[in-house]
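Notes for the one structure printed next.
Residue numbers begin at 1 in each chain, while the letters A, B, ... track the order of the sequences. Since the structure is predicted, the reported quantities are computational estimates derived from the model, not experimental observations.
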Amino acid sequence: MMIYDSLTRQKRPFEPLVPGHISIYVCGVTPYAESHLGHARPAVLWDVIKRYFIRRGYIVHHVQNFTDIDDKIVARAQDLGISVTDVAERYMKEYTDAMNRLRVLPPDYAPRVTENVTPINQFIEELINKGKAYATSAGDVYFRVGQSPGYGRLSGRQVEDQRVGVRIESSEDKEHPADFALWKSSGADEPGFPSPWGRGRPGWHIECSVMASRYLGPQFDFHGGGIDLIFPHHENELAQSEAYWGVSPARCWVHNGLITQGSIKMSKSLGNGISLRELLDRVSPMALRTYLLSVHYRSPLDFSQDALEDWSRGIVRVWDMYERVKDAGSPSERLDQPWAKRLESFEERLLAALDDDFNTARALAEIYEMVRDVHQGEASGHAETAHGWARINILKADQVLGILPWPATPRSLEHDKLLAALLSWRQEARLEKDFKIADRIRVVLSQAGWTIEDTPRGPRVVAKEDV
RNA sequence: GGCGACGUAGCCAAGUGGUAAGGCAGGGGUCUGCAAAACCCCUAUGCCCCGGUUCGAAUCCGGGCGUCGCCUCCA
């Protein structure tokens with residue numbers, strides 16, 4: 001198992017901290033606005049990583065937080081004239097709904113900052129006691145970057161090289177411009193929590209150090225998030241955790257590339273994010289999911305509607321095959337043909353692709369090659385065996401990658417009866433060679449959003465919204 | 001200015017030293033009342049450019065060109 005670590009900048013063999021267990025902390029979202037497509041990428045990636053480790057026999061502990069208190073949420077609440085809690089709840093629910101539609105398994109713990117204020121305060125106090133942080137007369141607490149010799153090694157930068165002026169906020173009583181807030185005092189009209197330094201709220205980075213160690217311990221296996229979080233968020237988090245525990249928190253830092261549009265990063269602040277909810281209303285969630293997995297996670301993914309549709313057309317072939325073979329029995333004969341041997345060893349190749357730094361693109365390619373082997377089996381007169389393997393292998397791929405759509409929108413019984421009646425009328429017409437009627441029925445159904453396909457096994461109706 | 005990533009067929013994309021996976025589109029075919037679907041076959045002497053290392057380079061090194069990201073909230 002080879003995994004790329006952002007800290008060492010190389011792919012290297014991975015050994016879990018505790019044999020047989022995998023612990024994962026992924027930075028979640030700040031729920032102050034609608035989720036966009038960019039949020040779906042790490043979620044789907046970590047979902048696959050998790051399923052992969054589970055399949056490999058590990059016990060997985062996965063934590064993903066919600067930053068439910070933050071300046072942006074406060075501002076949003078004031079805009080909408082509702083409470084900070086209501087804003088956070090609304091967008092957390094929206095995010096969770098989108099994840100469900102993408103078949104993303106929920107994390108084992110989804111802690112919130114507002115439920116961890118006391119441990120956060122204890123953590124900050126200890127950092128002050130250790131001389132790693134200091135409180136100001138204004139009631140703010142800052143982390144003392146100068147006390148962290150390794151600071152900058154995750155993001156590969158030196159504090160003094162950074163563009164001057166950008167980080168420095170007005171009227172600072174910070175000791176050093178690079179020092180960052182652990183605790184920020186709240187104004188009278190802002191939400192706040194009591195603390196030894198007065199009423200205030202946690203800074204952006206401290207939550208993750210606190211919650212990760214609280215739920216997973218001082219050290220854990222993976223820390224994940226978008227590549228844009230490396231600096232300052234993860235750099236600061238690393239510094240805090242190290243200052244507190246004396247060890248580097250994550251054994252491996254995994255950062256996904258960003259989703260762009262026209263090569264420009266999709267982000268909330270640029271306002272060019274594609275609404276995840278709207279996109280999921282428009283395309284099949286599982287087609288979107290496979291599209292996200294079609295590019296290696298560390299590469300940027302330049303979103304295009306065309307590319308998504310291309311992927312959608314491809315994965316539909318796998319769905320169709322599953323429809324055809326889902327009732328097949330388990331294969332009972334063992335054959336020496338190459339296709340049969342490949343079908344038997346399909347899962348090994350699937351997992352081997354993921355062993356190599358979670359290469360989901362290669363894993364998807366394995367699925368298509370497997371589909372071709374099934375066709376070869378059919379052509380060589382062993383359809384039953386081939387179908388049996390097809391069923392097993394597609395389900396195995398689905399278990400790890402998540403590729404099959406959940407049942408399409410349920411239809412009413414009346415609906416089905418009506419369709420069946422029209423189809424049998426058309427079949428009668430066809431038998432009587434009355435193709436005028438037959439074609440007329442096809443046109444009428446097509447106008448209603450249904451496509452009839454005459455297959456060797458009889459007519460089949462596909463609803464346009466299913467694809 | 002500092003740091004980093006990327007550049008593979010018409011499009012998307014895997015491949016990090018051994019002779020270019022996969023998907024979409026396109027062409028040809030099988031099947032079919034027609035259509036669609038499905039399936040089969042074909043489609044990069046070449047991987048941004050120029051040098052170098054090597055028996056051998058898309059892969060390693062050097063130099064360019066182009067695009068993007070981080071340094072401010074960001075997945």
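- Rounded to whole Å, the distance from CG on A:N256 to P on B:C68 is 20 Å.
- Separation of the P atoms belonging to B:G15 and B:A9 is 16 Å when rounded to the nearest angstrom.
- Across all strands shown, B:C61 is found opposite B:G51 as a Watson-Crick or G-U wobble partner, with both distances under 3.5 Å.
- Using a 4.0 Å heavy-atom distance criterion, A:L258 is classed as a base contact.
- Checking B:U16 for Watson-Crick or G-U wobble geometry (two distances, each under 3.5 Å) identifies no partner in any strand.
- Remark: C1' of B:A5 and CZ of A:R157 are 13 Å apart, rounded to the nearest angstrom.
- Minimum atom distance to the side chain of A:V295 is reached by B:A13, of the listed B:A13, B:C11, B:G33.
- At distances below 3.5 Å, not a single donor-acceptor pair connects side-chain atoms of A:R289 with backbone N or O atoms of A:I403.
- Figure legend. B:A37 is base-paired to no nucleotide; pairs are counted as Watson-Crick or G-U wobble with both atom distances under 3.5 Å.
- Rounded to whole Å, the P atom of B:C24 lies 36 Å from the corresponding atom of B:G66.
- Comparing B:C12 with B:G26, their C1' atoms are spaced 15 Å from each other, to the whole Å.
- For A:E453, whose side chain is taken as the heavy atoms from C-beta onward, the closest listed nucleotide among B:A14, B:A37, B:C73 is B:A37.
- Taking atom C1' on both nucleotides, B:C39 is separated from B:U8 by 29 Å, rounded to a whole Å.
- Between A:R55 and A:E347, at least one side-chain nitrogen of the basic residue sits less than 4.0 Å from a carboxylate oxygen of the acidic one, meeting the salt-bridge criterion.
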Provide a list of protein-nucleic acid N or O atom pairs under 3.5 angstrom, restricted to nucleotides 38-44 of chain B.
unit_1 : atom_1 : unit_2 : atom_2 : d
B:C39  : O3'    : A:H375 : ND1    : 3.4

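- Using a 4.0 Å heavy-atom criterion, one finds that A:R76 contacts no nucleic acid atom at all.
- Looking at heavy-atom distances under 4.0 Å, A:G38 makes contact with a base.
- In terms of heavy-atom proximity, A:V295 sits nearest to A:R41 at O-NH1, 4.0 Å.
- Spacing of P atoms, B:A58 relative to B:C47, comes out at 7 Å, to the nearest Å.
- Taking atom CD on A:Q158 and atom P on B:G1, their separation rounds to 18 Å, with Å as the unit.
- The existence of a salt bridge linking A:D357 and A:R298 is confirmed by a sub-4.0 Å separation between a basic side-chain nitrogen and an acidic carboxylate oxygen.
- Using a 4.0 Å heavy-atom distance criterion, A:N359 is classed as a sugar-phosphate-only contact.
- Using a cutoff of 4.0 Å between basic side-chain nitrogens and carboxylate oxygens, A:D47 and A:R51 are scored as salt-bridged.
- In this structure, the aromatic ring of A:F435 is positioned over the six-membered ring of the base of B:G33, centres within 5.5 Å and planes within 30°.
- A:G152 comes within 4.0 angstrom of no nucleic acid atom, judged by non-hydrogen atoms across all strands.
- Nearest to the side chain of A:R9, among B:G69, B:U16, B:G4, sits B:G4.
- Considering only the side chain of A:R442, B:A35 comes nearest among B:A21, B:C70, B:A35.
- Base pairing analysis places B:C3 opposite B:G69; the two distances defining the Watson-Crick or G-U wobble pair are each below 3.5 Å.
- The CG atom of A:D439 sits 12 Å away from the P atom of B:A36 (whole-angstrom rounding).
- Among the protein residues, A:I452 comes within range of the nucleic acid bases, having at least one heavy atom under 4.0 Å from a base atom.
- Nucleic acid contact class of A:H36 (heavy atoms, under 4.0 Å, all strands): base.
- Checking B:C70, B:C68, B:A14 against every side-chain atom of A:H296, the shortest atom distance belongs to B:A14.
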Legend entry - Check against side chain to side chain donor-acceptor pair (under 3.5 Å), A:Y25 and A:D221: CA-CA 8 Å; A:Y25 187 90; A:D221 292 306; over 6 Å; no
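- Spacing between B:U59 and B:U54 at atom C1', rounded to whole Å, works out to 13 Å.
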Distance-only donor-acceptor hits, side chain of residues 1-9 of chain A, under 3.5 Å, sequence neighbours excluded:
unit_1 : atom_1 : unit_2 : atom_2 : d
A:D5   : OD1    : A:L7   : N      : 3.1
A:D5   : OD1    : A:W253 : N      : 2.9
A:D5   : OD2    : A:T8   : OG1    : 3.3
A:D5   : OD2    : A:R12  : NH2    : 2.6
A:S6   : OG     : A:W253 : O      : 3.2
A:S6   : OG     : A:H255 : ND1    : 2.7
A:T8   : OG1    : A:R12  : NE     : 3.4
A:R9   : NH2    : A:L154 : O      : 3.2

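- Checking B:A21 for Watson-Crick or G-U wobble geometry (two distances, each under 3.5 Å) identifies no partner in any strand.
- Between A:D454 and A:R430 there is a salt bridge, with a side-chain nitrogen of the basic residue lying less than 4.0 Å from a carboxylate oxygen of the acidic one.
- Across all strands shown, A:I259 has heavy atoms under 4.0 Å from base atoms, whether or not it also approaches the sugar-phosphate.
- Here A:S304 lies out of heavy-atom contact (under 4.0 Å) with every strand.
- Rounded to whole angstrom, the span from the CZ atom of A:R342 across to the P atom of B:G22 amounts to 11 Å.
- Rounded to whole Å, the C1' atom of B:C34 lies 34 Å from the corresponding atom of B:G22.
- Ion pairing between A:R201 and A:D71 holds under the 4.0 Å rule for side-chain N and carboxylate O.
- Comparing A:I315 and A:Y297 along RNA chain B, the residue whose closest nucleotide (by nearest heavy atom) sits nearer the 5' end is A:Y297.
- For A:D454, whose side chain is taken as the heavy atoms from C-beta onward, the closest listed nucleotide among B:C70, B:A75, B:A35 is B:A35.
- One can place OH of A:Y322 at 24 Å from P of B:A37, the figure rounded to the nearest angstrom.
- Taking atom CG of residue A:L293 and atom C1' of nucleotide B:A14, one finds them 14 Å apart after rounding to whole Å.
- Counting non-hydrogen atoms under 4.0 angstrom, A:K265 reaches a base of the nucleic acid.
- Rounded to an integer number of Å, the gap from NE2 of A:H39 to P of B:C73 is 16 Å.
- If you take atom P in B:A14 and the same atom in B:C6, they sit 11 Å apart, rounded to whole Å.
- Proximity note for A:W311 (side chain, C-beta onward) versus B:G33, B:C12, B:A75: the nearest is B:C12.
- Contact annotation for A:S267: base contact, defined as any heavy-atom pair under 4.0 Å involving a base atom.
- Using bins of under 30°, 30° to 60° and over 60° for the plane-to-plane angle, the ring pair A:F53/A:F222 lands in the tilted bin.
- Pairing for B:C31 is absent, with no Watson-Crick or G-U wobble pair whose two atom distances lie under 3.5 Å.
- In summary, A:R324 and A:E378 engage in a salt bridge, as defined by a charged side-chain N under 4.0 Å from a carboxylate O.
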